[in-house]
Amino acid sequence: MGRILLVGRLAVRDLRRRRTEAVLLLLAIMAATTTLTLGLVLRDAAGDPYQSTRAATNGPDVVASVGRPAKLSGLEKLADDPRVIDHSGPYPVTPAKLQASGRTSDVQAVGRDAAPASVDRPELMQGGWVSDGGVVVEAAFANALDVRVGDPVTLDGRSFEVVGVAVTAAMPPYPGTSCIVPCMSGAIPDDPPAGLPPGLLRNPGLVWLTQSDVRSLTPDPDSLAYVMNLKLAAPDEAQAFVNANHGEPGGATPMQPWENILEDATELARDSQILLLIGAWLLGLLAVAGLSVLVGGRMADQTRRVGLLKAVGGTPSLVAAVLLAEYVLVAIVAAAAGLAVGSLTAPLLTESSAGLVGSAGTPSMTMSTVGLVTAVALGVAVVATVVPAVRAARSSTVNALADSPRPPRRIGWLIAISARLPVPLLLALRVAARRPRRVVLGVVSIAITVSGIYVLLVLNAFLTTQPLTGGYDDAQVEVLRHVLLVWTVILLSLAAVNATVITWATVLDNRHSSALARALGATPREVSAALAAAQVLPALVGAILGVFPGGFALFAAINAITGGDSDRATLPSLWQLLALVLATVLVVAALTSVPARLGGRRPVTETL
């Protein structure tokens, strides 16, 4: 039999014999790969939908505007710039109040020609283009107001009919619309500061009318603003064009390069992607910690099998290859499952893309995404497995066949301290001292989980108290809440699996010492309590470290990456932090009680 075939058959047979552990392995790696896939797909969403919209609408490279007709010469000067190869407009713009479906909202009404423009041709998602008495509504704004083609609306008291719904690349989707006329975007203060211009719009939407209809909405032609869309010979130099013209006499007009519009249009997808990628790396660390313990426990349970393989002629390298192959196979399956689930779930997190052509779910799964997710899954499996596999392969064949217990380490000061404690705590300290690396992994696992929960509390409070600070509407806040929910469910699930796995591995590793303690007079209840306490004590330390410095450091890192303002964030109160630490300890105690109780009730004679 070939070496590769032999390794594969032995690995598959062992996985079939231990299906529960194989499923736990699969779920642990799949949690990390699913979250990583979501983050990578949303990374593509932060560019592709807007680029698709720019291509479909021949979007402008620079959008320039003036506040009154007297400054139209500045727009004309821009149109004559040798770097400008095409333009559309100037188009009149007026502020208005739109009433639809019993709701009132501020809008910027732009006057357009019935004929298609050469630059910025809004892509119709429903209906047709502007006509006398008809209004076209920007798609994200129409989605927020729940208006459709054929619905009646009023603008400053005049009746219009919605004749179309369209998207544009000349302005971010609602509620992030740029201000052509005086307006205020973002959070609306309870007490607006004095000195604001009269008629200031609050988070306005965007609609298109005919130029004659726009002019009929205002009795004073001198109050109209104007906007012009410019196409440059070198689109990548849009920011340099804006910088060069913004300070020239007669040319000091508000201008937006397309890169700024892209950033505003894809802010939600970018923020979601950052959260998911950070969550993916946290889950990856949790997966490594859990897999390391699970692999170590399985190696302890496979000691005799390793001895048999070596006794029949298997070399240490063959034994190590068999042990590694099991986890590599699981990692490949978990990567495929994570890619499938992540790509199917991504559209549920992209409802805010109504104002763009395409969504986060439409980009095809790229080879770079597949390769990165697969590499992470294999890396997690190999990092967690290679040391225990090599140690098991190098073990003595005779000792492995005898399945002799691991001799305990004698630590004088620990024996002196524990000797005066109650039996459960005495045994718990000595159980923990036998596997110090496992204790560290348990502390790290809990600390990572609590740090993630700390950040979730901060972000949830921020979305509740200041949802419009980032320019988000209610629908977009719900999308971010969905992202946080995905993060929370997977984080808690993987942490629960880790706590259970660590306890079960401890039960297996201490089966001889636990049986000996019972033979010397310890009761099954005391042994069970000791095994559970060996996990609760590290959980308490991990919970404290997860709050400080873990939670503070993780939130500071997220704030630095996103460029947020930490002063606006509401940090958890002291009672919330105390409740989080207490809840963590209680949950770990509950999760570890079942495997500890099962391990404490094994027959003594059978084990010894």
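Not a single side chain to side chain donor-acceptor pair (under 3.5 Å) links T33 to another residue, sequence neighbours left out. Applying the side chain to side chain donor-acceptor pair (under 3.5 Å) criterion to S493, with sequence neighbours excluded, gives no partner residue. For A311, the side-chain contact (heavy atoms from CB on, under 4.5 Å) criterion is met by T397, L401, not counting sequence neighbours. Not a single side-chain contact (heavy atoms from CB on, under 4.5 Å) links R420 to another residue, sequence neighbours left out. With sequence neighbours excluded, the residues forming a side-chain contact (heavy atoms from CB on, under 4.5 Å) with V12 are R16, L329, listed by chain and number. By the side-chain contact (heavy atoms from CB on, under 4.5 Å) test, A321 is found to be paired with V7, residues two or more places apart in sequence or in another chain being considered. Residues passing the side chain to side chain donor-acceptor pair (under 3.5 Å) test with R518: none are found, sequence neighbours excluded.
Annotation: side chain of L6 is in contact with side chain of L318 (closest heavy-atom distance under 4.5 Å). Between R511 and S514, the closest side-chain pair of non-hydrogen atoms is not below 4.5 Å. With contacts defined as side-chain heavy-atom distances shorter than 4.5 Å, the pair Y327/I29 does not qualify.
Pairing each heavy atom of A515 with each of V604, the nearest pair is O-CG1, 3.5 Å. Nearest heavy-atom pair across A335 and V373 is O-CG1, 4.3 Å.
Taken from CG in L425 to CD in E526, the straight-line distance is 11.0 Å, to the nearest 0.5 Å. In this structure, the separation between CG on L578 and OG on S573 is 8.5 Å, given to the nearest 0.5 Å. Between the CG atom of L339 and the CE atom of M30 there is a distance of 10.0 Å, given to the nearest 0.5 Å. Within the model, atoms CZ of R430 and CG of L421 stand 9.5 Å from one another, a figure rounded to the nearest 0.5 Å.
The local environment of CD1 in I4 is sparse, with at most 12 non-hydrogen atoms from other residues, nucleotides or ligands closer than 6.0 Å.
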**Full working for side-chain contact (heavy atoms from CB on, under 4.5 Å) between I453 and L492** = CA-CA 9 Å; I453 296 174; L492 294 180; 3.6 Å; yes
Please tabulate, for the side chains in residues 528-555, all donor-acceptor contacts under 3.5 angstrom to protein atoms that are two or more places apart in sequence or on a different chain.
| residue | atom | partner | partner atom | Å |
| --- | --- | --- | --- | --- |
| S528 | OG | P524 | O | 2.9 |
| S528 | OG | A596 | O | 3.4 |
| Q535 | NE2 | T506 | OG1 | 3.3 |

Please output the side-chain donor-acceptor pairs of residues 582-592 that fall under 3.5 Å, not counting sequence neighbours, one pair per line with the distance.
| residue | atom | partner | partner atom | Å |
| --- | --- | --- | --- | --- |
| T584 | OG1 | L580 | O | 2.7 |
| T592 | OG1 | V588 | O | 2.8 |
| T592 | OG1 | A589 | O | 3.2 |

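Not one N or O on the side chain of S445 forms a donor-acceptor pair closer than 3.5 Å with the backbone of L441.
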